[in-house]
Amino acid sequence: MLHTEGCFQYTITRYLQSETRLRGTMSCMNEQNTSQTVTDLRDTIDGDVFDSGEPIKEFSRDWSLFKVVPEIVVFPKTHEDVKRVVSYIAEHKADRPDLSITGRSAGTDMTGGPLNESIILGCTKYLTNFSVDEENLRATVEPGVYYRAFEEETLPEHLSMPSYPASKDIAALGGIVMNNSGGERTLRYGQTRDYVEAVTMVLSDGNEYEFRALSYDELQEKKAQDNFEGEIYRKLEPVIKDNDEVIRAAEPQVSKNSAGYALWRIWDREADTFDLAQLFCGSQGTLGIMTEATLRLVHNKTHRRMVPVFFKSWKHMPEVVNELLKYEPETLEAFDDETMKLGMRFMPTIAKMVGQNIAQFLWRFLPEAWIGVKMLGMPKLVFLVEIAEDSDEEAERKAQEIEVALEKYDVWTRRPLTEAEAEKYWLMRRNSFKILTEQTHDKRTVPLVEDFCVKPEVMPVFLPKALKILADAGIKANLAGHAGNGNFHIIPLMDLTKKKNRDKLTGVADKFYDLVIKHGGTITAEHNDGILRTPYLKKMYGEQVYDLFEQVKEILDPQNIFNPGKKVSGDRNAREYFEQHIAAENK
């Protein structure tokens with residue numbers, strides 16, 4: 001008699017045994033392949049190549065939820081090194097399909113964008129050259145240049161590239177360009193792609209090309225070239241121009257967006273220019289490796305005033321935003337009461353950062369405490385409105401006019417603050433995420449729905465629904481962001497060592513991004529897609545536009561060499577990737 005249960009058990013046992021042997025064989029083969037690749041790369045480039053030790057550990061993480069361990073970390077010394085590494089991967093891709101490359105600058109990404117299981121190309125060790133042309137308001141930068149080093153050269157000349165993120169003290173320009181970053185000054189000056197005039201990229205053929213805005217005649221010359229660059233222009237032009245109406249209709253109608261590929265920025269119909277630098281900016285390294293960028297600079301306004309605005313509720317937020325925009329503030333930041341409570345919790349840490357004891361630092365907030373007394377409690381929401389002008393008189397005039405203009409709303413303001421007085425707020429705002437990451441040992445920051453953007457006028461309707469999604473899942477959240485743009489960051493603290501908490505994440509993200517899309521927003525304004533949001537791009541843009549994204553990827557990266565699994569999912573289920581690596585990090 002055939003005992004089916006025993007037969008089934010026997011079959012499963014044999015399967016598991018064979019699977020174990022297969023995995024052992026595959027593991028051995030992978031180790032051999034990695035060892036050979038390391039040897040080959042060390043023989044090929046002048047830079048450094050690692051397959052163990054601290055670089056592997058460090059480059060397994062960014063500031064996201066994820067941990068992805070690379071096989072190899074490469075630090076190229078020159079652009080020629082980058083070309084050689086890419087050429088090597090292209091040459092061996094057919095025999096070893098798992099080979100790929102991801103460029104990495106400072107690793108401050110919150111989406112898993114610079115994480116990869118194959119080769120990571122670290123830029124901040126050697127690719128750190130830059131030059132500033134003060135007369136023509138231009139700068140040329142390599143991807144490993146830290147913004148803080150760049151700023152040391154530009155600020156004395158009252159110049160800046162103003163789209164820097166809040167993490168500017170630890171971020172690098174390669175990531176700023178490839179993510180199309182934005183920050184506190186984006187309200188007045190726009191995002192990074194507004195300042196990218198040209199990018200130099202190493203593409204999948206292993207060659208280096210410069211991309212910038214081309215006139216009609218220049219485009220025809222490029223198309224006539226008998227090389228990979230010519231092929232790119234020949235193939236991309238009809239994709240963009242033949243689908244122009246669909247592409248333009250897909251552009252999110254919000255003031256900031258880094259989701260997907262910015263196809264609507266490539267062809268300027270009025271000027272008849274074709275600019276692939278706009279495609280590469282914000283592409284998160286999925287189409288090539290950036291080796292250089294030319295950035296436009298602006299003259300900084302040298303006189304500043306800040307007007308803090310305190311709300312008892314979110315009710316009047318849209319009207320107050322519209323009122324404030326009349327005065328062209330340089331920044332219009334916001335944070336809620338939960339963020340304020342966290343700020344108070346970590347105030348000793350912040351005080352230490354500025355070299356003051358806690359009593360001195362608390363004294364600086366005495367006027368805000370008095371406002372709390374007048375409001376009969378803690379404000380529900382605070383705006384930081386910063387005016388920046390060329391003269392002290394103009395900055396003072398606008399700040400005082402703002403105080404008068406807001407008298408008709410149920411809000412409280414403080415007398416205009418000087419730049420020195422306002423610094424206490426910026427210390428808390430710019431260092432909040434870093435402090436949370438370092439100080440909360442039992443819980444960790446969870447960048448999950450941390451970068452949505454909707455029109456400010458829908459915020460009072462949108463926000464209660466959004467926060468309810470989190471509350472229903474038992475997730476307590478705090479909120480801060482760029483009120484003038486309707487771009488907010490929700491970064492709760494959670495204990496992800498518990499499976500029940502990890503299991504909440506995908507469901508919360510599904511509901512949250514459905515709500516963002518329903519209200520005409522973007523799932524990411526400035527942090528980009530990465531592992532985190534790539535699964536939601538098809539839902540945001542629809543099948544037709546997502547298919548165009550895939551066509552663009554296929555044209556520029558036919559072997560899927562560059563940063564696979566981001567922007568378009570390729571051969572891997574990005575949702576499973578998402579869940580797998582959260583679990584791996586928190587076992």
Side-chain angles (χ1 to χ4, degrees), residues 76-80 82 103-109 121-202 208-214 256 258 262 265 273 275-285 288-302 330-331 388 390 430 526 528:
K77 282 190 173 180
T78 61
H79 297 197
E80 196 63 34
V82 178
R104 178 183 173 114
S105 294
T108 57
D109 191 285
L121 195 82
C123 298
T124 55
K125 188 171 185 179
Y126 297 119
L127 298 182
T128 58
N129 296 306
F130 71 95
S131 61
V132 177
D133 182 350
E134 298 164 17
E135 183 178 352
N136 294 303
L137 297 179
R138 299 288 183 276
T140 302
V141 300
E142 289 186 322
V145 176
Y146 279 99
Y147 191 88
R148 62 176 181 263
F150 179 74
E151 195 174 52
E152 287 174 2
E153 296 292 323
T154 61
L155 283 185
E157 306 302 325
H158 303 296
L159 299 175
S160 70
M161 200 283 286
S163 63
Y164 56 78
S167 60
K168 69 185 181 98
D169 289 340
I170 50 177
L173 281 154
I176 290 173
V177 172
M178 287 291 102
N179 283 324
N180 181 37
S181 293
E184 63 205 36
R185 298 173 72 191
T186 296
L187 178 63
R188 189 174 207 173
Y189 292 104
Q191 286 187 267
T192 296
R193 61 169 51 106
D194 297 313
Y195 298 90
V196 173
E197 295 200 340
V199 291
T200 302
M201 306 290 299
V202 174
E208 192 175 37
Y209 304 97
E210 183 189 63
F211 295 93
R212 57 180 177 80
L214 302 178
K256 299 170 73 174
S258 290
R265 299 275 302 211
T273 57
D275 187 0
L276 291 187
Q278 294 297 307
L279 171 64
F280 288 110
C281 180
S283 65
Q284 213 164 30
I289 301 292
M290 178 189 130
T291 52
E292 193 171 87
T294 301
L295 306 174
R296 184 169 62 86
L297 307 178
V298 300
H299 284 289
N300 291 329
K301 307 289 186 181
T302 53
E330 187 168 273
T331 62
D390 290 323
R430 290 169 181 157
E526 58 190 14
N528 221 288

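By convention here, the first residue in the shown sequence is residue 1.
With respect to Ser160, the side-chain hydrogen bond (donor to acceptor under 3.5 Å, both in side chains) criterion is satisfied by exactly one of Arg185, Lys168, Glu151: Arg185. Of the candidates Val177, Leu173, Thr186, Thr192 forms a side chain to side chain contact (heavy atoms under 4.5 Å, CB included) with just one, namely Val177.
Judged by distance alone, with hydrogens and angles left aside, the side-chain atoms of Arg193 form a donor-acceptor pair with the main-chain N or O of Cys281 at under 3.5 Å. Counting only distance, with no hydrogens or angles, the side chain of Arg212 and the backbone of Ala198 share no donor-acceptor pair below 3.5 Å. Side chain of Tyr195 to main chain of Val298: no donor-acceptor pair is present (N/O by atom type, distance under 3.5 Å, no hydrogens or angles). Checked by atom type and distance alone, the side chain of Thr294 never pairs as donor or acceptor with a backbone atom of Glu197 at under 3.5 Å.
Gly175 and Ser105 get closest at one heavy-atom pair: N-OG, 3.4 Å. Considering every non-hydrogen atom in both Pro143 and Cys123, the closest pair reads CG-SG, 3.8 Å. Contact record, Gly282 with Asn528: O-ND2, 3.0 Å, taken as the closest heavy-atom pair. A pairwise comparison of heavy atoms in Ala106 and Thr124 identifies N-CG2, 4.0 Å as the closest pair. Between Ser163 and Gly190 the shortest heavy-atom distance is CB-O, 3.7 Å. Contact record, Ala213 with Asp275: N-OD1, 3.3 Å, taken as the closest heavy-atom pair.
When side chains are defined from C-beta on, Phe211 counts as touching Met201, because their heavy atoms get closer than 4.5 Å. Looking at Thr154 and Asn300, their side chains never come closer than 4.5 Å, going by heavy atoms from C-beta outward.
Under the ring-ring contact (aromatic ring centres under 6.0 Å, His included) criterion, Tyr209 pairs with no residue at all, not counting sequence neighbours. Residues that satisfy the side chain to side chain contact (heavy atoms under 4.5 Å, CB included) test with Tyr126, not counting sequence neighbours, are Asp48, Phe75, Lys77. Qualifying side chain to side chain donor-acceptor pair (under 3.5 Å) partners for Glu157, counting only residues two or more places apart in sequence or in other chains: none. Under the side chain to side chain donor-acceptor pair (under 3.5 Å) criterion, Glu142 pairs with His79, Asn129, not counting sequence neighbours. Qualifying side chain to side chain contact (heavy atoms under 4.5 Å, CB included) partners for His158, counting only residues two or more places apart in sequence or in other chains: Thr302. For the ring-ring contact (aromatic ring centres under 6.0 Å, His included) test, residues two or more places apart in sequence or in another chain that qualify with Tyr147 are Phe150, Tyr164.
Rounded to the nearest 0.5 angstrom, Ile176 CD1 and Leu295 CG are separated by 9.0 Å. Note that OG1 of Thr291 and CD of Glu210 are 10.0 Å apart. Values are rounded to the nearest 0.5 Å. In this structure, the separation between OH on Tyr146 and CD1 on Ile170 is 9.0 Å, given to the nearest 0.5 Å. With values rounded to the nearest 0.5 angstrom, Asn180 atom CG is found 7.5 Å from Asp194 atom CG. Rounded to the nearest 0.5 angstrom, Leu159 CG and Arg138 CZ are separated by 11.5 Å. Interatomic distance, Tyr189 OH to Thr331 OG1, rounded to the nearest 0.5 Å: 10.5 Å.
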Pair Asn179, Gln191 - check side chain to side chain contact (heavy atoms under 4.5 Å, CB included), show working.
CA-CA 10 Å; Asn179 283 324; Gln191 286 187 267; over 6 Å; no
